[in-house]
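Heads up: the structure comes next, in structure tokens.
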Amino acid sequence: MKISRIEVFQLTLPLKEPYSLSGGRLRFEALDSTIVAVTTDAGLTGWGEGCPWGSTYLPAFGKGIRAVLDELAPQLLGLDPRRLEVVERAMDKALPGHGYAKSALDTAFWDILGQDSGLPLCDLMGGRVEEPVILHSSIPTGTADQMIASVAAARARGYSLHSCKVGPYAALDIPRIEALHASLPEGESLAFDANRSWLPDQAIQVINATAALGHPFEQPRETLEECAAVRRATGGVVYLDESIVTLQDLARAQREGLCEGIGLKIGRVGGLTKARRLRDFCLAFGLRMNIEETGGSVIADTGAVHLAQATHRRATWLCHDMLTLDTAEGGARNMNGSTRAPDAPGLGVAPDREKLGDAVAVYE
Ligand code: MG
């Protein structure tokens with residue numbers, strides 16, 4: 001089986017509400033998404049999506065994905081997409097780095113492998129765990145009252161685990177963390193994600209003042225070095241997210257005891273093939289994972305949910321549950337606070353070509 005055609009689509013995905021995090025450093029109202037359709041000479045078409053969480057969250061942006069595809073796609077024609085690691089090596093040889101842009105292609109290759117083998121991706125990734133995958137909400141930074149209202153709105157949609165964006169000011173964060181904690185009904189959980197916005201002294205102050213409430217903190221600072229310094233001066237459970245890009249990053253975080261879990265974002269680590277290796281490492285060392293995408297519609301989310309459904313350690317996030325535009329039929333949806341990977345072979349998502357519009361590029 002050979003790749004015979006790669007189509008690239010661009011969509012602007014509007015958020016239901018403008019979103020702010022990392023102390024307002026990151027603020028946006030829509031996401032720039034790139035969707036790819038990879039067709040083979042056997043007539044199978046696989047789908048994937050790459051969508052950074054705005055242009056200011058990671059070293060990744062929408063136009064960058066399409067530029068990388070323009071470089072890579074012609075070099076992939078003729079390869080067998082089912083040989084995932086052969087194609088992975090071909091992509092890494094042709095263009096080192098740029099994992100966030102390769103991720104969309106990698107998902108499409110997995111989709112083709114699944115369709116060809118008659119299995120949903122979760123069964124190719126270790127096997128479906130029957131329990132549904134718990135969803136966490138994503139609560140933008142605001143005043144304590146605004147954040148409590150956002151949590152209530154998420155609760156009304158079934159969410160019981162809430163990732164609340166905080167930072168950078170300790171004087172604001174400590175009272176809002178205490179207020180969110182005090183407002184929480186039994187059976188629900190919180191996490192406080194600084195998205196690297198705290199300075200070390202701010203992180204130390206906030207974590208030491210609120211760790212006894214029992215909620216995890218996420219990505220206090222930018223780099224592993226800085227997170228390690230904060231770790232030495234604080235207690236509490238820590239998740240690392242943005243600073244875990246490679247398997248080497250994860251190995252170092254484990255070796256130095258920097259975290260109890262990670263945000264395993266498929267786009268950031270370079271696709272499902274690479275994410276599966278990080279997943280296996282986390283399983284081996286008892287680290288928890290939120291397995292999710294950096295952003296995107298149901299096409300992106302469903303790839304991440306397949307890996308989460310085969311893993312089952314903590315939670316996932318559905319970006320598309322925060323959008324006003326739906327790109328596809330099927331896929332992993334919010335079922336009152338949890339989700340489930342589709343049973344159909346492959347990704348189990350049927351994109352609506354009318355909504356995608358004309359391809360912005362076709363390689364064949
Ligand atoms: Mg995070």
Side-chain angles (χ1 to χ4, degrees), residues 15 19-28 31 51-60 99-100 103 133-142 147 150-151 154 159 161-168 173 176-177 180 189-198 202-203 206-207 210 215-224 226-227 230-231 234 236-246 249-250 253 258-270 275 278-279 282 287-296 300-301 304-305 307-308 311 313-322:
L15 290 158
Y19 196 93
S20 175
L21 73 160
S22 200
R25 180 175 53 157
L26 316 182
R27 180 186 291 276
F28 34 82
L31 302 172
C51 183
W53 188 230
S55 296
T56 48
Y57 172 58
L58 292 171
Y100 74 100
S103 180
V133 181
I134 301 298
L135 296 177
H136 71 80
S137 66
S138 185
I139 306 298
T141 308
M147 294 180 78
S150 294
V151 168
Y159 289 90
L161 173 57
H162 309 283
S163 174
C164 303
K165 304 302 183 180
V166 292
D173 283 333
R176 64 184 156 200
I177 287 172
L180 281 156
S189 317
L190 299 170
F192 295 103
D193 189 353
N195 290 100
R196 64 199 198 268
S197 66
W198 284 322
Q202 294 167 325
V206 176
I207 294 174
T210 60
H215 307 293
F217 301 92
E218 191 165 314
Q219 197 66 43
R221 278 295 298 158
E222 186 92 37
T223 64
L224 286 177
E226 294 165 309
C227 290
V230 170
R231 178 79 160 178
T234 56
V237 172
V238 170
Y239 277 62
L240 292 178
D241 193 356
E242 289 97 310
S243 61
I244 304 295
V245 178
T246 64
D249 296 330
L250 175 60
L258 302 185
C259 61
E260 279 69 37
I262 66 166
L264 180 47
K265 289 196 167 59
I266 309 304
R268 190 187 63 235
V269 305
L278 274 72
R279 184 275 310 259
C282 287
L287 295 168
R288 290 190 180 274
M289 290 162 269
N290 292 324
I291 301 178
E292 57 204 16
E293 259 300 354
T294 50
D301 287 335
V305 170
L307 187 59
T311 305
R313 284 284 175 87
R314 202 161 187 266
T316 190
W317 168 64
L318 296 181
C319 180
H320 79 266
D321 208 26
M322 299 171 68

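As the structure lists them, so they are numbered: ligands from 1, and atoms in each ligand from 1. Positions are given from 1 along the sequence. Values in this document were obtained by computation on a predicted structure and should not be read as measured data.
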**Report entry** CG-CG distance between L240 and D249, expressed to the nearest 0.5 angstrom
**Finding:** 10.0 Å
Report task. Report, as a single number, the protein N, O or S atoms less than 2.8 Å from the Mg ion (ligand 1). Result ->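 Near the Mg ion (ligand 1), the number of protein N, O or S atoms below 2.8 Å is 3.
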Query raised in the report: With a 4.5 Å heavy-atom cut-off, do D241 and R268 have their side chains touching?
Result: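 SC-SC contact between D241 and R268 confirmed.
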**Report entry** Flag, side chain of S197 to backbone of A194, donor-acceptor distance under 3.5 Å
**Finding:** yes
Query raised in the report: Does the side chain to side chain donor-acceptor pair (under 3.5 Å) test come out yes or no for Q219 and D193, once each step is laid out?
Result: CA-CA 6 Å; Q219 197 66 43; D193 189 353; over 6 Å; no
Query raised in the report: Is R313 paired with E260 through a side-chain N to carboxylate O contact shorter than 4.0 Å?
Result: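 No salt bridge links E260 with R313.
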Query - Pairing residues for E292 by the salt bridge (Lys or Arg N to Asp or Glu O under 4.0 Å) criterion, not counting sequence neighbours - result: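 With neighbours one apart ignored, the set is K265.
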